[in-house]
S.K.: 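One structure, as structure tokens, below. Some questions next.
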Amino acid sequence: MRNIVAVNDKKKLAAFIDFPHDLHKNDPNYVPELFIAQSDMLTPGKHPFHEHSTLQCFLAYDGDKIVGRIAAIQNNNHNKKNNTTEGHFGFFDCINDQETADQLIEAATKWLKERNMTSMVGPLNFSTNDICALLIEGFDGPPVAMMPYNPPYYLQLLEHAGFSKMVDLRAYKFIAGEYNDRSLKLAEAIQERLKRNNIIIRKINMKDFWNEVVKVREVYNAAWDHNTGFVPATDKEFDYLAKDLKMIVDPDFVYIAEQEGKMVAISLSVPDLNQALIKVKRGRLFPWGLIKLLWYKRKIKGLRIMALGVMDGYRKMGIEACLYGLTIKTFQEKKFEYAEASWTLENNTMVNSAIEQINGKLYRKYRILEKPI
């Protein structure tokens, strides 16, 4: 039997954040999360999630040694929007031991049932707006920026604990020189056609960043509204994410479609910061982590196409193809080596087909699981 302990002070929280570093220290594909970012995310008063929802973190001990962790999450905004009583779990890491996994899940289940939750869904850290899902196919390299990573045995642990598939997510990869650049060639012609409907494509204006963020948030919450499990980000949550993205975003990879000043579509791609973060030991910026991060950041040659959304009424007009084409054009000009388009829902045939038509290769799959409690 493991000793399951609730995280209720700074020392335990630090141990909770650090556990994956020890568990995966011999895995060359593991990328540490920044300690300061994880600490802020999990601390009430520092992350806006805690203004409307709550969570409880747990650690599993074998004697004095930590062997697992999990967070039970009650996302009130998600349940209100989707009219559900789902409990969530996230931040799941565990040794390859079923008893340990079962006891962690039991602790999270008990906490959620006490709050009248009737099912358990995850991994979600805290929602689909954040890092989410379990890697189930494609363990051949490090994850790209803001995507999850875990060993293959996690799926077995969770399935043996009673979880089953809720939905799968997809990641597609583009290699320089190996994609179909038809959309690039068509982008100029499509732009001219869109102009006849008073729709223009432009890059983000970083000098007016926060006014741009307000408009992007409206498009994001509208364009993704019907996706499985989606919950709109609050203004503070979106601003929190935007503040982080501002530090890594390349404005040449952020495209906006507007009609007479109204933003109707966005395409957001970010450099694969994980190429630098993998060099930062235990996610600590000090004393040497920040120097390493800044040094390796200059050498990044990968890209994550992380969001492409078009509002209702503006789809199937060619905007999607135009945004992809312009992204590929910039990708070529900056001599990037690879790009990952992630993630997409397995049943989003329109987006998946568009990616496959320009020779994006499906190379990783992720899964969100569920079980009644």
Side-chain angles (χ1 to χ4, degrees), residues 33-53 75 77-78 81 90 124-132 143-148 201-225 227 229-258 261-274 276-277 283 285 290 293-294 297 300 302-311 323 326-327 330 339-344:
E33 295 275 3
L34 286 178
F35 180 88
I36 188 170
Q38 291 283 280
S39 179
D40 284 356
M41 190 174 187
L42 293 167
T43 302
K46 292 191 175 182
H47 191 286
F49 169 85
H50 302 279
E51 295 181 8
H52 59 76
S53 298
N75 190 327
N77 279 7
H78 170 90
K81 195 267 181 186
L124 299 167
N125 303 348
F126 301 116
S127 72
T128 56
N129 297 322
D130 306 290
I131 293 177
C132 66
V144 301
M146 292 176 279
M147 288 295 287
I201 310 291
R202 65 173 178 84
K203 294 178 182 178
I204 191 171
N205 180 2
M206 296 300 287
K207 293 182 179 179
D208 195 29
F209 181 77
W210 289 107
N211 284 327
E212 295 275 64
V213 166
V214 172
K215 297 177 182 178
V216 170
R217 182 175 64 235
E218 292 174 0
V219 174
Y220 177 80
N221 284 338
W224 277 265
D225 185 60
N227 283 358
F230 178 75
V231 56
T234 66
D235 291 358
K236 289 184 179 179
E237 285 174 327
F238 203 88
D239 289 350
Y240 189 96
L241 174 62
K243 182 180 68 174
D244 287 345
L245 287 175
K246 188 180 181 182
M247 293 187 287
I248 66 170
V249 75
D250 180 341
D252 289 337
F253 282 114
V254 185
Y255 288 97
I256 290 164
E258 285 185 333
K262 175 189 175 184
M263 195 178 294
V264 298
I266 57 168
S267 173
L268 169 64
S269 302
V270 295
D272 182 12
L273 191 65
N274 278 7
L277 286 176
L285 289 178
L290 182 58
L293 182 62
L294 294 174
K297 184 180 176 184
I300 292 173
L303 188 74
R304 180 184 171 203
I305 306 168
M306 65 180 295
L308 194 155
V310 182
M311 296 183 72
L323 294 176
L326 292 170
T327 300
T330 307
E340 177 180 298
S342 60
W343 47 263
T344 69

S.K.: Just wondering, more than 12 heavy atoms not from K246 lying within 6.0 Å of its NZ?
M.R.: yes
S.K.: For G302, is there any backbone N or O sitting under 3.5 Å from a side-chain donor or acceptor partner on D272?
M.R.: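 It does not hold such a pair.
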S.K.: Pick from L245, L268, N205: which one makes a side-chain contact (heavy atoms from CB on, under 4.5 Å) with V254?
M.R.: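 It is L268, the one option of L245, L268, N205 that forms the side-chain contact (heavy atoms from CB on, under 4.5 Å) with V254.
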S.K.: To the nearest 0.5 angstrom, please state how far the CG atom of L124 sits from the CG atom of N75.
M.R.: 8.5 Å
S.K.: Under 6.0 Å between the ring centres of F126 and H78?
M.R.: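 For F126 and H78, the ring centres are not under 6.0 Å apart.
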S.K.: Taking only residues two or more places apart in sequence or in another chain, which ones pass ring pair (Phe, Tyr, Trp, His ring centres under 6.0 Å) with F253?
M.R.: F336
S.K.: Indicate the atoms forming the closest heavy-atom contact of A339 with I305, along with that distance.
M.R.: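 Smallest heavy-atom distance, with atoms named: CB-CD1, 4.4 Å.
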S.K.: Report the relative orientation of the aromatic rings in W224 and Y220; use parallel for angles under 30°, tilted for 30 to 60°, perpendicular for over 60°.
M.R.: tilted
S.K.: Identify, with sequence neighbours excluded, every residue that meets salt bridge (Lys or Arg N to Asp or Glu O under 4.0 Å) alongside K243.
M.R.: none
S.K.: Any luck finding a side-chain donor-acceptor pair between R304 and S269 under 3.5 Å?
M.R.: no
S.K.: Using only atom types and a distance under 3.5 Å, with no angle test, would you say the side chain of N77 pairs donor to acceptor with the backbone of S53?
M.R.: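 Between the backbone of S53 and the side chain of N77 there is no qualifying donor-acceptor contact (under 3.5 Å).
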S.K.: Can you give me the closest heavy-atom contact between P232 and N129, atom names plus distance?
M.R.: C-ND2, 4.2 Å
S.K.: Please answer whether the main-chain N or O of P271 pairs with a side-chain N or O of D250 as donor and acceptor at a distance below 3.5 Å.
M.R.: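 Side chain of D250 to backbone of P271, a donor-acceptor pair under 3.5 Å: no, none is there.
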S.K.: Give the minimum heavy-atom separation between G45 and H50, together with the two atoms involved.
M.R.: N-CB, 4.4 Å
S.K.: For the pair T330 (side chain) and L326 (backbone), establish whether a donor and an acceptor sit closer than 3.5 Å, ignoring hydrogens and angles.
M.R.: yes
S.K.: With a 3.5 Å distance limit and no angle check, can you tell me whether T43 reaches the backbone of K46 through a side-chain donor-acceptor pair?
M.R.: no
S.K.: Flag yes if more than 12 heavy atoms outside L290 fall under 6.0 Å of its CG atom; otherwise flag no.
M.R.: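 Enclosed: over 12 neighbouring heavy atoms sit under 6.0 Å from CG of L290.
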S.K.: Which heavy-atom pair separates V270 from I248 by the least distance, and what is that distance?
M.R.: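 Looking at all heavy atoms of both residues, the shortest contact is CB-CD1, 4.3 Å.
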S.K.: To the nearest 0.5 angstrom, please state how far the CD atom of Q38 sits from the CG atom of N125.
M.R.: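 Those atoms lie 7.5 Å apart.
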S.K.: What's the verdict on side chain to side chain contact (heavy atoms under 4.5 Å, CB included) for V213 and D239, showing C-alpha distance, side-chain angles and the deciding distance?
M.R.: CA-CA 7 Å; V213 166; D239 289 350; 3.6 Å; yes
S.K.: What's the spacing between L285 CG and F35 CZ if we round to 0.5 Å?
M.R.: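 Separation between the atoms: 11.0 Å.
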S.K.: Taking the six-membered ring of F230 as reference, does the NZ or CZ atom of K81 fall below 6.0 Å from its centre and within a 45° cone about the axis?
M.R.: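 Judged by the rule (NZ or CZ under 6.0 Å from the ring centre, within 45° of its axis), K81 is not positioned above F230.
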S.K.: How far does CD1 of I36 sit from CE of M41, to the nearest 0.5 angstrom?
M.R.: 14.5 Å
S.K.: If every non-hydrogen atom of M263 is compared with every non-hydrogen atom of M311, which pair is closest and at what distance?
M.R.: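 Nearest pair, atom of M263 first, then M311: O-SD, 3.6 Å.
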S.K.: Salt bridge or not between E212 and R202? Use side-chain N to carboxylate O under 4.0 Å.
M.R.: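 Here E212 pairs with R202 in a salt bridge, since their nearest N and O are under 4.0 Å apart.
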S.K.: Taking the side chain as every heavy atom from C-beta outward, state whether K215 and E258 have any pair of such atoms under 4.5 Å apart.
M.R.: yes
